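First up is the structure itself, then whatever we jot down about it.
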Amino acid sequence: MENPLLLFPQLNISASKDKSYYKVMKSTIKEEPRKASKPGAKQKRNRLSLLLQKSEFHEADHLGKPGNLTKAASVSPEEAVKWGESFDKLLSEKAGLDAFTKFLKTEFSEENIEFWIACEDYKKSKTAHELLPKAKTIYETFIQKDAPKEVNLDFQTKEVTSQNIQKPIITTFDAAQNTVYRLMEQDSYPRFLRSDPYLNLVKGRNPNRPTLRRRSRSFTVNDFQGVRPDFTIW
């Protein structure tokens, strides 16, 4: 019988060996990335947790910065409670007046308190020469038809004020001011006392710092210090 080696050249044997070799190499190449990917995944999770933790600190710092209610924020709960005693008490204190003005701006009715303040300033005029320019400015800003900050006055009050403006005196705007005062006292003031900014002041909370939502807890590298890893789960 002829030698089998003569019938099957060594080239085929080599090819068979090479084929087996490449199978081994191929499986090795596939396994290596898998092994490498696991530590990489853990590292990514750790980095992500650290970033989230860092983000929370920055968010807290940002929310703690002073906002538009900085002046009102310095008011003690005891002072804020006194504002609820009467509308006069609220307007008699600068912090209360500031807080109420900011509230009216949220309702787009700040012209009422601005008119009231302008009238208070008008009545502090010391000479007759001061009255005329101030009266003209107040009338053109708040009272005349289509004024830029026209307040809501009944027809009779507006007519009386328009007539008095010809020869202004200290009491020229009293009727109009009282009308706007009663409107704020009966309408805006009760809503102010029910508003969140005011209630926060009464409870001693800072209105500049919204309540932070607690995020679901993110594990970090420090959480696993001293814990022996179980590599069987990977």
Side-chain angles (χ1 to χ4, degrees), residues 59-60 62-124 134-135 137-162 164-165 170-214:
E59 182 181 10
H62 174 72
L63 293 175
K65 291 181 180 179
N68 294 329
L69 297 178
T70 304
K71 293 180 181 179
S74 61
V75 175
S76 68
E78 292 75 18
E79 290 176 292
V81 168
K82 291 180 181 179
W83 297 351
E85 295 176 359
S86 70
F87 191 44
D88 280 335
K89 184 66 176 178
L90 173 68
L91 298 185
S92 66
E93 298 186 12
K94 187 178 184 304
L97 180 60
D98 289 340
F100 185 64
T101 300
K102 289 180 175 68
F103 171 75
L104 290 184
K105 287 181 179 180
T106 66
E107 295 197 333
F108 304 99
S109 58
E110 66 271 19
E111 70 276 359
N112 292 325
I113 193 64
E114 289 177 4
F115 172 68
W116 184 86
I117 293 172
C119 291
E120 289 294 292
D121 178 71
Y122 173 81
K123 289 185 289 188
K124 293 176 182 177
K134 285 185 178 182
T137 299
I138 292 174
Y139 180 78
E140 293 177 349
T141 304
F142 300 101
I143 296 178
Q144 73 177 11
K145 185 179 180 180
D146 298 326
K149 296 184 178 181
E150 185 177 2
V151 292
N152 186 15
L153 298 173
D154 58 89
F155 177 78
Q156 184 178 356
T157 302
K158 181 172 284 192
E159 280 297 307
V160 170
T161 306
S162 299
N164 292 341
I165 199 69
I170 289 293
T171 59
T172 293
F173 297 103
D174 281 3
Q177 185 183 16
N178 289 336
T179 298
V180 172
Y181 178 93
R182 287 195 301 271
L183 176 65
M184 292 189 294
E185 182 181 31
Q186 296 172 8
D187 186 43
S188 303
Y189 177 56
R191 287 200 302 276
F192 169 75
L193 296 180
R194 295 192 301 267
S195 67
D196 288 339
Y198 175 72
L199 294 176
N200 285 336
L201 288 176
V202 171
K203 294 174 183 177
R205 296 173 183 169
N206 186 343
N208 299 320
R209 188 185 296 272
T211 303
L212 287 175
R213 278 183 171 179
R214 185 173 181 84

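Start at 1 with the first residue, then count along the sequence. As the structure is a prediction and not an experimental result, all values here were calculated from the model.
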Practice prompt. Hey, could you give me the CG/CG distance between Leu90 and Leu193, rounded to the nearest 0.5 Å?
Written response: 7.5 Å
Worksheet entry | CD (Glu85) with more than 12 external heavy atoms under 6.0 Å | yes
Worksheet item: CG of Leu97 to CG of Leu91: how many Å apart, nearest 0.5 Å?
Response: 6.0 Å
Worksheet item: Can you check whether Ile138's main-chain N or O pairs, donor with acceptor, with Thr141's side chain at less than 3.5 Å?
Response: no
Worksheet item: Does the pair Asn164 and Thr161 meet the rule for a side chain to side chain donor-acceptor pair (under 3.5 Å), with working shown?
Response: CA-CA 5 Å; Asn164 292 341; Thr161 306; 5.7 Å; no
Worksheet item: At their closest point, which heavy atom of Gly204 faces which heavy atom of Pro77, and how far apart are they?
Response: CA-CG, 3.6 Å
Practice prompt. Work out which heavy atom in Ile143 is nearest to a heavy atom in Phe115; give both atom names and the distance.
Written response: CD1-CE1, 4.0 Å
Discussion item. Do the side chains of Asp98 and Lys102 get close enough for a salt bridge, i.e. N-O under 4.0 angstrom?
Written reply: no
Worksheet item: If you measure from CZ on Phe87 to CZ on Arg182, what distance do you get to the nearest 0.5 Å?
Response: 12.5 Å
Fill in: Note, Arg191 side chain near Glu107 side chain (heavy atom, < 4.5 Å)
yes
Fill in: Sub-4.5 Å side-chain heavy-atom contact between Thr157 and Asp154
yes
Worksheet entry | Min side-chain heavy-atom separation Glu111-Ser109 under 4.5 Å | yes
Worksheet item: With Ser86, which residues qualify under side-chain contact (heavy atoms from CB on, under 4.5 Å), at least two apart?
Response: Asp88, Lys89
Discussion item. How long is the straight-line distance from OG1 of Thr179 back to CD of Gln156, given to the nearest 0.5 Å?
Written reply: 9.5 Å
Item to complete: Using distance alone, with no hydrogens and no angle criterion, decide if Lys123 and Gln177 have a side-chain donor and acceptor under 3.5 Å apart.
Response: yes
Worksheet item: How close do Ile165 and Ala135 get, heavy atom to heavy atom, and via which atoms?
Response: CD1-O, 3.3 Å
Worksheet entry | Candidate pair Glu114 and Lys105, rule salt bridge (charged side-chain N to carboxylate O under 4.0 Å, His left out), full reasoning | CA-CA 11 Å; Glu114 289 177 4; Lys105 287 181 179 180; 5.5 Å; no
Item to complete: Measure the shortest side-chain to side-chain distance between Asp121 and Lys134 over non-hydrogen atoms and say whether it is less than 4.5 angstrom.
Response: yes
Worksheet item: Say you draw a straight line from OG of Ser188 to CG of Leu183; how long is it, rounded to the nearest 0.5 Å?
Response: 6.0 Å
Practice prompt. State, without any angle test, whether Ser162 and Tyr139 hold a side-chain donor-acceptor pair at a distance under 3.5 Å.
Written response: yes
Discussion item. Around atom CG of Asp187, are there more than 12 heavy atoms from other residues, nucleotides or ligands closer than 6.0 Å?
Written reply: yes
Discussion item. Counting C-beta onward and ignoring hydrogens, is there a side-chain heavy-atom pair between Met184 and Ile113 closer than 4.5 Å?
Written reply: yes
Worksheet item: Of Trp83, Phe192, Tyr198, which meets side chain to side chain contact (heavy atoms under 4.5 Å, CB included) against Phe100?
Response: Phe192
Worksheet item: For the residue pair Phe173 and Phe142, is the inter-centroid distance of their aromatic rings smaller than 6.0 Å?
Response: no
Discussion item. Asn112 vs Tyr181, test: side chain to side chain contact (heavy atoms under 4.5 Å, CB included). Steps then yes/no.
Written reply: CA-CA 8 Å; Asn112 292 325; Tyr181 178 93; over 6 Å; no
Worksheet item: Roughly how far apart are Leu153 CG and Glu159 CD, rounded to 0.5 Å?
Response: 11.5 Å
Fill in: Polar side chain donor-acceptor pair, Asp174 to Thr171, under 3.5 angstrom
no
